[in-house]
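Down below is the structure, laid out as structure tokens.
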Amino acid sequence: MNSSASAPATPAKQNDFIRDIIDEDLKAGRHSKVITRFPPEPNGFLHIGHAKSICLNFGLALDYRERLPESGTRCHLRFDDTDPAKEDTLFEDGIQEDVRWLGFQWDGLYHASDYFEKMYEYAEHLITAGKAYVCSLTDAEIKQYRGTVTNPGQASPYRDRSVEENLDLFRRMRKGEFKDGEHVLRAKGDMASANMKMRDPLLYRIRHTEHHMTGDKWCIYPMYDYAHPISDAIEGITHSICTLEFENNRELYDWVIDNLIEYAKFPSRPRQYEFARLNLNYTVMSKRRLLELVQGNHVRGWDDPRLPTIAGLRRRGYTPESIRAFCASVGVAKANSTVDMAQLEFCVRDDLNQKAPRVMAVLNPLKVVIENYPDDKVEELEAAYWPHDVPKEGSRKVPFCKEIYVEQDDFMQDPPKDYYRLAPGKEVRLRYSYCVTCTDVVKDETGEVIELRCTYDPKTLGANPEGRKVKGTIHWVSAKHAVDAELRLYDRLLSDEAPPAGKDSEFLNAINPNALQVLTACKLEPSLASAQVGDRFQFERQGYFIADIDSKPGNQVFNRIVTLKDSWARAHKK
RNA sequence: UCCGAGGUCGUCUAAUGGUAGGACACGACGCUUUGAACGUUGGAAUGGUGGUUCGAACCCAUCCCUCGGAACCA
């Protein structure tokens, strides 16, 4: 079940509250098409939380375009670049790559900065209409005048400047006659409003900073609350979807639109709707914490496979389809929630089960000598790439000879009764090969098991042993033919379900020391010598792996994407 | 404390006045040359209290709890 990049195969999903709203809008004739947008600020890397928003916004356009062909239904990618101090083209490139990789294509690439001239014009209109004024209070004074959540604020002494004076000051702000922080443009809201966002919110601030798109054309920049609704309205956005923390901003969003719509003749009257952002346990999602992990060298960069960044998940080996399926499975709602990492892991297993050919790799090798097998004989055994329940064809030959490696975990000296693998005197099936019985255990001087001696039953190739039942099947590789490899075993970033809530770096203490475990003495079946970077496999009984970019000829490097479910290990954890 | 938004199985999410359902997770069983996958199956929820109604997760009242809001960030 592959899907093309332009038509993601997201599972059939039920309606969410956003789709309910859109359906009603369509039914009531408020809109004849739907236009959404994904509006990242180009100041960092995208993570799986953004993927939820991407799937929602682009998914809406895909869904409704299907229902309303030729309507102009679409989704824009818009960079919300109103703070030149933080933003960079570098981030824009990464964001575009991530959106594309997830399987979506935007119908138009925009920048909030495309509209700076319009925004300026609208600001002058607001001033002329007596709705905005230039305030010359300092940063600290503005804060003080604003009051608190329980106490009303008080009016700025500059609130009653004349239209002429405001216009003059604002034009001189644009010309660069003032220093940063000297003046700001504010909306005339209500200093007693219970919504702090309405207490004469700032619309423009002075920033003598080069902007990555507009260069040095501007030295005043609009604030989010002013730029966002205008950008939406100019682009004809019908449903402006954002996360819950913007609920208090909606009143201001509407204020901006309402005070400008007649003058500006916007093509749409956008409405803002808020949904709950994605939270995942056992990891961190905030920009700040992600940045701290990267800058503090707690991980190896933005694409470290331990990170929930899109780049990290990509390198880890997650498929875009699995991430889309995950986003569909968590739904869209308004209740704050934290999704279990197991849900994400299920989605990638579920996808890879159909896509990843099965091969054999021994992570922690234990040598086995098959005593009754001829010294120099090598058999090429047929091994299917796919299990019986995956409808795909294909196989390769795996060499079998007298000396092989098996997994250390697949031998126990003194096993519990329900242990199906190797133990002294016990017989197991070697996957795609013979059944062998352990006859002797070789130990070094410290008592550590360094080698197993076994005998094989020549009548068990492709046939069940006679008169007895062999329950266990283990994987193996030929010692003589094995390919050496480095395996990077990844696990959850944090040991704790939820990182400490503190504002400081306390969460660093929760980092799982085993989130990355590097194994350098691994033995792979020879077919893996030709694996290409990005190829995914299931290493039977171990998990799904992907060939990493660090692979060199003669030294393959694989990342573990996710383990297989292991009900035996789970049952014996205690 | 004020304003805003929320509260349904362990987790995520449906049901919008008419059988509280699905997925993940967990357990049991079956199948198995992957202790995988798959199949069957089990346990498991409407924050509390009143009220309206033949009937309430849903409507009303009240209380409790959680999250967000006082950046010249988004």
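A donor-acceptor contact under 3.5 angstrom links the side-chain atoms of A:Arg429 to the base of B:rU33. With hydrogens and angles ignored, no donor-acceptor pair closer than 3.5 Å exists between the side chain of A:Arg250 and the base of B:rG4. For A:Gln542 against B:rU34, no side-chain N or O and base N or O form a donor-acceptor pair under 3.5 Å. For B:rG4, its base never sits under 3.5 Å from the side chain of A:Asn195 at any donor and acceptor pair.
A gap of 47 Å separates the C1' atoms of B:rA45 and B:rC72, to the nearest Å. B:rU46 and B:rC9: their C1' atoms are spaced 10 Å apart (whole Å). Between B:rU41 and B:rC12, the two C1' atoms lie 23 Å apart (nearest whole Å). B:rA56 and B:rA70 have their P atoms separated by 42 Å, given to the nearest Å. Distance check on atom P: B:rA23 versus B:rA61 gives 37 Å, rounded to whole Å. Here the separation of B:rG21 from B:rU16, taken at their P atoms, is 14 Å to the nearest Å. Across B:rG6 and B:rC60, the matching P atoms stand 13 Å from one another, rounded to whole Å. The separation of B:rG22 from B:rA74, taken at their C1' atoms, amounts to 36 Å, rounded to a whole angstrom.
Screening A:Glu540, A:Arg358, A:His475 for a side chain to side chain donor-acceptor pair (under 3.5 Å) involving A:Tyr432 leaves a single residue, A:Glu540.
Base contact: A:Glu540 has a heavy atom under 4.0 Å from a base atom. Residue A:Leu202 is in base contact, counting any heavy-atom pair closer than 4.0 Å across all strands shown. Within 4.0 Å of A:Thr82, counting heavy atoms only, lie sugar-phosphate atoms of the nucleic acid but no base atom. Nucleic acid contact class of A:Gly472 (heavy atoms, under 4.0 Å, all strands): none. At the heavy-atom level, A:Phe346 lies under 4.0 Å from the strands shown only through sugar-phosphate atoms.
Considering only side-chain N and O atoms, A:Arg570 lies under 4.0 angstrom from the phosphate OP1 or OP2 of B:rC26. Contact annotation: A:Ser329 side-chain N/O to B:rC24 OP1/OP2 distance is not under 4.0 Å. Dashed line: the shortest gap from a side-chain N or O of A:Arg205 to OP1 or OP2 of B:rC73 is under 4.0 Å. OP1 or OP2 of B:rA71 sits under 4.0 Å from a side-chain N or O of A:Lys143. At least one side-chain nitrogen or oxygen of A:Arg146 sits closer than 4.0 Å to the OP1 or OP2 atom of B:rA71. An OP1 or OP2 oxygen of B:rA36 is reached within less than 4.0 angstrom by no side-chain nitrogen or oxygen of A:Arg358. Contact annotation: A:Ser337 side-chain N/O to B:rU11 OP1/OP2 distance is not under 4.0 Å.
Mapped onto RNA chain B by nearest heavy atom, A:Tyr224 and A:Val149 fall at different nucleotides, with A:Val149 at the one closer to the 5' end.
Looking at A:Gln272, its side chain does come within 3.5 Å of a backbone N or O of A:Phe246 through a donor-acceptor pair.
Across B:rC73, B:rU1, B:rA37, the shortest atom-to-atom separation from the side chain of A:Asn353 is found for B:rA37.
For A:Gln538 and B:rU33, the CD to C1' distance is 14 Å, given to the nearest whole Å. Note: CD (A:Glu274) to P (B:rA5) measures 9 Å, nearest angstrom. For the pair A:Arg324 CZ and B:rA23 P, the interatomic distance rounds to 23 Å; values are reported in whole Å.
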Tell me, with the steps shown, if A:Tyr318 and A:Ile48 meet side chain to side chain contact (heavy atoms under 4.5 Å, CB included).
CA-CA 11 Å; A:Tyr318 272 76; A:Ile48 191 161; over 6 Å; no
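The distance between the ring centers of A:Phe45 and A:Phe91 falls below 6.0 angstrom.
Using the Watson-Crick or G-U wobble rule with both distances under 3.5 Å, B:rA23 pairs with B:rU11.
In this structure, A:Arg174 satisfies the cation-pi test against A:Tyr120, with its NZ or CZ atom closer than 6.0 Å to the six-membered ring centre and inside 45 degrees of the ring normal.
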